[in-house]
Each structure stands twice: as structure tokens, then as C-alpha cells.
Amino acid sequence: MAAIVLTRARSLAHLAYGLRYIRTQVASPLLSKENYDYDLVVIGGGSGGLACAKQAVQLGAKVAVLDFVKPSPQGTRWGLGGTCVNVGCIPKKLMHQASLLGEAIHDSQPYGWQFADPASVRHDWATLTESVQNHIKSVNWVTRVDLRDQKVEYINGLGYFRDAHTVVARMKNDTERELRTKHVVIAVGGRPRYPDIPGAVEHCITSDDIFSLPRAPGKTLLVGAGYIGLECAGFLKGLGYDVTVMVRSILLRGFDQQMATMIGDSMVEKGIRFHHKTRPLAVEKQPDGRLLVRYETEGAESGTAEDTFDTVLFAIGRQAETGSLQLDKAGVVTADGGKSDKLDVDDESHRTNVENVYAVGDVLYRKPELTPVAIHAGRIIARRLFGGSSETMDYRDVATTVFTPLEYGCVGLSEEAAEAAHGKDNIEVYHAYYKPTEFFVPQRSVRYCYLKTVALREGDQRVLGLHFLGPAAGEVIQGFAAALKCGLTMKVLRNTVGIHPTVAEEFTRLAITKSSGLDPTPATCCS
């Protein structure tokens, strides 16, 4: 009997081994026969590239990730993990939190917290940057360990194409390593742009530099009014610095413009200065180390002027890091017939114009430049290549938040986009001002605490977009983003019982439309 059991056990063991062998052969697409070293090489070690690589390995593929950070013009370097971890979302949110804590200190006094000398409370820039950089370095380390544990080969080299199936890694010591691969995913992301004016590159910084700036920024000029510029302006002002924002055209291009205007007004209320219809002409370093900025303004107050700053930060847009990839060697053509630095891909597969070359993340043409988007799309690419999946990335109705002092969260269509898509007469906008409970005691301004939903006018009124300006906007909008994906209607929203007292419940209380002309200001918080 024992012999029979032992024989069966050995048979099962052999079967299990055989199944594992078959899975390996299926998942790893016949590397030896096709003369490839890898199933997949990912160029770029940011969020999207790493997500794709790790998912591919989990599905049995042999994968290498190339990552190399070229220093900024000011010499700033960082480790593995891409923009989000090192010079983007994570340090930005930490500095935003530092700014909010400073405001909370002053808010705490009416709540009974006592300080010997409240006026003496000061912020220390060096402590903040050290804490932020220590956290980032810990994430860099954990990321490298995770790649090792998951059997993803990490190569600290600058990648470029020799042909569609050959990627070369140029190492720090100027040696080169050639990698033959069946598939390539381009995930190189982007870097900040500088304007073509005297002194910009030599003397000014970008978001690549601000989070590790070795000195306090002092009086700061932010050039650019996209979300990066406004977020940096917001936390710097909250930390106690004199801040000016230079705006060439409009605030938050691509976002709902009513909300963008309210964000700007709320920042003015905080003491941030805005120069509208203005662009810098030159930046000159003075003998005392300060920066003299000459600029011109168009419109009613047209003319030139100058001012002196301790720090000038450009946030005028980003460019894809495709210039050093030698895409032509692989036959890859950039978007807009080669005029763009970004890549156009097939919406289903994320394939470029070359059959085995794919792209993901901020390098994509006219796609949301958001970390969760890149992560989600990267995993889908891997599952399609190595897991037999047919799923596709849905770029519609992606939620986002702008971490200005008063945060702005949104998902779906702006009011302008809804009107363009459906016609102004076919949409209804529900809106309201509201009063966060935590603002009452310290008597903080509620002038710009506002929300709205944009919906179709007919039937149950399907919601097209939700917009929220106020505290914890990202936390508020995330749940409503899932509801929007599920076909949220105003009927369902009005039939939802809110959690009281929260700011998120204000969406369930919306009853006044813009078309009615009624005042959307509440009389009380509890009725």
C-alpha cells in the first residue's frame, strides 16, 4: 500500500514539474529559437515602466528595466522610481502637507491650543527638505529591492535603439551593453521645459530642483500657471515665502475654467501675487546672488518692468525624453508626423507604429499625464503581451486633484467640454457653496468652497462631470469617480444619504441649478 502511495506521489510530483515547465515555455516566447535575450526590455524606471515590468515577470516573462537620470541643468540627480517618487507627486504632497500643518497651527488657537509666543512659530526649510529626501531615498531602496525580489533585472544605463529588437544601455562608465529583446516598452516620461531667454537655464530652477533645494527659496517667482506652478506657489506661500506667479494666458489650461478662476482668486486671498498676460524676457544674476527678472505685460497695462527675486522657478510645461532614444533606428515615428516629441499609440494595444515597440506614461501624445494612469496602462500592456488578456485602457473619466492651498478635485467633463459635446441647452449644472465644519471656529474664509456637477438635462440626468474646491478634495472625488464610471445620475445622487458632517456629503445635497438663477449659498450647514 505504501509503495502505491509513494508511486502516486512521485507521479504527481513529475506532473507538477511538467506543468511548471510548460507554463515557463508558454510564458517565455521561445527565446532560444528567436535569438532574444529578453522577452521584454522596458526603457524607463518610472511608475508605468516598473508596473509593466513587474507584471510581465509575474506572468513568466524575462524582463530588464533600464533607468538613468540625467542631471538637471542645476545638477540635481535622483534615484530609481521616476518623476512621481523623486520630483513629483510624493515630495509635492509632503510639502503641501507641511504647508497645511502651518495653517493648522494658527487654526488651533481658537480651539484651545496655547503657545507661549504664537508669532515666533517659524518653518525651517532645511529640516523639511532633509525629511522629504530621506523618505524618497527609502522608497528608492525599497524599489530596487522589490525588483530584485521579483527577478526583474535592473540596469542603471541610458537606453537607446540600435534596431527594433536591440536596445543598447550606455553605462555611467561609458561602456555599452547590447540587449536583444522580443518586445520593447518605452516609458521614459518627461522633463521640465525652459524658455529660450537669456539666463533661464543658467540661473533658474524647475520642479526637478525645488524639493531638494539646498537653501531656503526666499522671495520666489513661479513662471507658469499649470497645476505644477500653482501647487508649488501654494506650498511655498504656506511655508512663509513671498510668492509671485507669472501667467502668460490662462490658469490651468484643460481644466474647468470657472474652477480655475476660483482657484486663482483663492490664492490671491492667501497673499499670492499674480501677473497676468505676462512673460519673462531675461534673468540676470546680481552681485548679491539675487535674480533680476525683466518681463513684459500685454493688454491694458502693456509695457516692460523688472523685479528682483531669490529664486525663479519655471513651470511652463514638460517635454518627452525621447530625444536620446534614436527612435529612427527602430523605425518609430513620433506623433504629429514626427513633429512632436511624444508618441502616438494604438488605443487598444499601446503599440507604436512599430509592431513590437510599445509606449506608456507621460511620453504618450494627448493622454493624461498621471501616475495611476501609467501604472494601470503598464500592467495592461504586460497582461496583453504575456497573459493572453484582451483588456484595454480606458482613458475616459480619469479623476485628478490639484493640490493648491484650497484643493481642487475633478472627474469627467468640464462645463466647457460638456457644452461642446452635447450643446449648452442639453446640459444642466447643479452647484453650491458650502461651509466646512472645521472652518467655523477659526473663522477661516469659505468664500471659495464650491462644488458643481455637470449633467445631461434629459431623463435621470446622467452625470458628465463632478468638480470640488475645498479641503481633502482628492479624498472626496475618488469615490465619486467610481460612481461616475458606473453611470451615476443626478437621481441616484439625490437619493444618496450623505455622511454628516463631511464636505463630501455636499454632492448629495445639490439642488440648485445655474439655469434657475437662484443663490447657491447655504443659510446653514444642517438643513
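Starting from 1, each residue takes its place in the sequence as its number. Because the structure is a prediction, the values reported are computed rather than measured.
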Within-4.5 Å side-chain heavy-atom neighbours: Arg248 and Thr278: no
Which of Val398, Asp394, Val360 passes side-chain contact (heavy atoms from CB on, under 4.5 Å) with Val373? Answer is Val398
### Query
Does a donor on one side chain and an acceptor on the other come within less than 3.5 Å for His467 and Tyr408?
yes
Between Gln55 and Arg383, does any side-chain donor sit less than 3.5 Å from a side-chain acceptor?
-> yes
*asked:* Closer than 3.5 angstrom, by distance alone: can the side chain of Thr220 be matched with the main-chain N or O of Gly218 as a donor-acceptor pair?
replied: yes
If we ignore angles and hydrogens, is there a donor and acceptor under 3.5 Å between the side chains of Glu269 and Ser445?
yes
Electrostatic pair Asp341-Arg193, nearest N-O below 4.0 angstrom: yes
With sequence neighbours left out, the residues meeting ring pair (Phe, Tyr, Trp, His ring centres under 6.0 Å) with Phe314 are none
Sorted by chain and number, sequence neighbours left out, ring pair (Phe, Tyr, Trp, His ring centres under 6.0 Å) with Tyr295 holds for His275
Worksheet item: Without hydrogens or angle criteria, can the side chains of Arg77 and Ser72 be said to hold a donor-acceptor pair below 3.5 Å?
Response: no
- Task: Kindly indicate whether the side chain of Lys435, heavy atoms from C-beta on, has any atom under 4.5 Å from the side chain of Phe440.
- Result: yes
(message) If the threshold is 4.0 Å, N to carboxylate O, is there a salt bridge linking Glu306 and Arg294?
(response) no
- Query: Is Lys424 paired with Glu415 through a side-chain N to carboxylate O contact shorter than 4.0 Å?
  - Reply: no
Is there side-chain contact between Ile380 and Ser389, with heavy atoms separated by less than 4.5 Å? no
query: Looking just at side-chain N and O atoms, do Asn86 and Asn140 make a donor-acceptor pair shorter than 3.5 Å?
result: yes
Report all side-chain donor-acceptor pairs from residues 362-369 shorter than 3.5 Å, counting only partners two or more places apart or in another chain.
residue, atom, partner, partner atom, Å
Lys367, NZ, Asp347, OD1, 3.3
Glu369, OE2, Lys342, NZ, 2.1

Q.
I'd like to know if the side chain of Ser340 and the backbone of Ala335 have a donor-acceptor N/O pair within less than 3.5 Å.
A. no
Check the side chains of Gln150 and Gln58 for a donor-acceptor pair under 3.5 angstrom, ignoring hydrogens and angles. yes
Tell me whether the rings of Phe507 and Phe468 are parallel (<30°), tilted (30 to 60°) or perpendicular (>60°). tilted
Would the distance check show the side chain of Thr502 and the main-chain N or O of Gly498 forming a donor-acceptor pair, the cut-off being under 3.5 Å? no
Looking at side-chain heavy atoms only, is the closest gap between Tyr448 and Leu469 below 4.5 Å?
yes
Whether Asp242 and Lys237 form a salt bridge (side-chain N of Lys/Arg under 4.0 Å from carboxylate O of Asp/Glu) is what I want to check.
no
**Whether Arg457 side chain and Ile427 backbone form a donor-acceptor pair below 3.5 Å** = yes
- request: Could you tell me whether a side-chain N or O of Glu506 sits under 3.5 Å from a main-chain N or O of Tyr434, the two making a donor and an acceptor?
  value: no
Is a salt bridge present between Asp310 and Arg290, judged by a nitrogen-to-oxygen distance below 4.0 Å? yes
Assess whether a salt bridge exists between Asp107 and Arg444, defined as any Lys/Arg side-chain N lying under 4.0 Å from an Asp/Glu carboxylate O. yes
Name the orientation class of the two ring planes belonging to Phe255 and Tyr227 (parallel below 30°, tilted from 30 to 60°, perpendicular beyond 60°).
perpendicular
Side-chain donor-acceptor contact under 3.5 Å, Gln258 with Lys514: yes
Item checked: More than 12 heavy atoms from other groups under 6.0 Å of CD on Gln114 -> no
Test item: Thr401 side-chain N/O and Phe403 main-chain N/O as donor-acceptor pair under 3.5 Å: no
